[in-house]
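Take a look at the structure below.
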Amino acid sequence: MIYKQKYPDGITTNFWKDFVSPMVIKLKGDKCEMCGSTKQLELHHTDYEKEVNINTLKVLCRSCHIILDNRNKNKRLLNRYQLAKLKKT
């Protein structure tokens, strides 16, 4: 375990920004796990229910992070729509 708090508790702290985030990015190779870019790297949480650890974080460049977040948001909206549609039948 890297950080003993669940998302989003504590991710805006100086400890997160100054220590946790740079350490994880370095441990994971200093590049985006989707496109390989080394610019504007950020951490993406893959499981918001679990404590933060190396397995629940992905290193992404800003562009890929936006794409992935939008894809996940659209998937959640589609699932809600499909559930609502099923309830009507």
Report summary line: In short, C61 meets C35 closest at the heavy-atom pair SG-SG, 3.8 Å
Requested in this report: Could you tell me the separation between the SG atom of C64 and the CG atom of L41, rounded to the nearest 0.5 Å?
Outcome: 10.0 Å
Report task. Enter the distance from T38:OG1 to I25:CD1 here, rounded to the nearest 0.5 Å. Result -> 11.5 Å
Requested in this report: Check for a donor-acceptor pair, side chain of T46 on one end and backbone N or O of T56 on the other, with a separation under 3.5 Å.
Outcome: yes
Query raised in the report: What's in the same ILVMFWY side-chain cluster as L60, cut-off under 4.5 Å, chained through other members?
Result: M34, L68
Report summary line: On a heavy-atom basis, the closest approach of P22 and D18 is CG-O, 3.6 Å
Requested in this report: Can you sort out the partners of E42 under side-chain hydrogen bond (donor to acceptor under 3.5 Å, both in side chains), two or more places apart, ordered by chain and number?
Outcome: R62, H65
Query - Backbone N/O of V59 and side chain of K31: donor-acceptor pair under 3.5 Å - result: no
Requested in this report: Determine yes or no for a side-chain-to-main-chain donor-acceptor pair under 3.5 angstrom, with E33 supplying the side chain and K58 the backbone.
Outcome: no
Requested in this report: Please check if the side chain of K26 supplies one atom and the backbone of S21 the other of a donor-acceptor pair under 3.5 Å.
Outcome: no
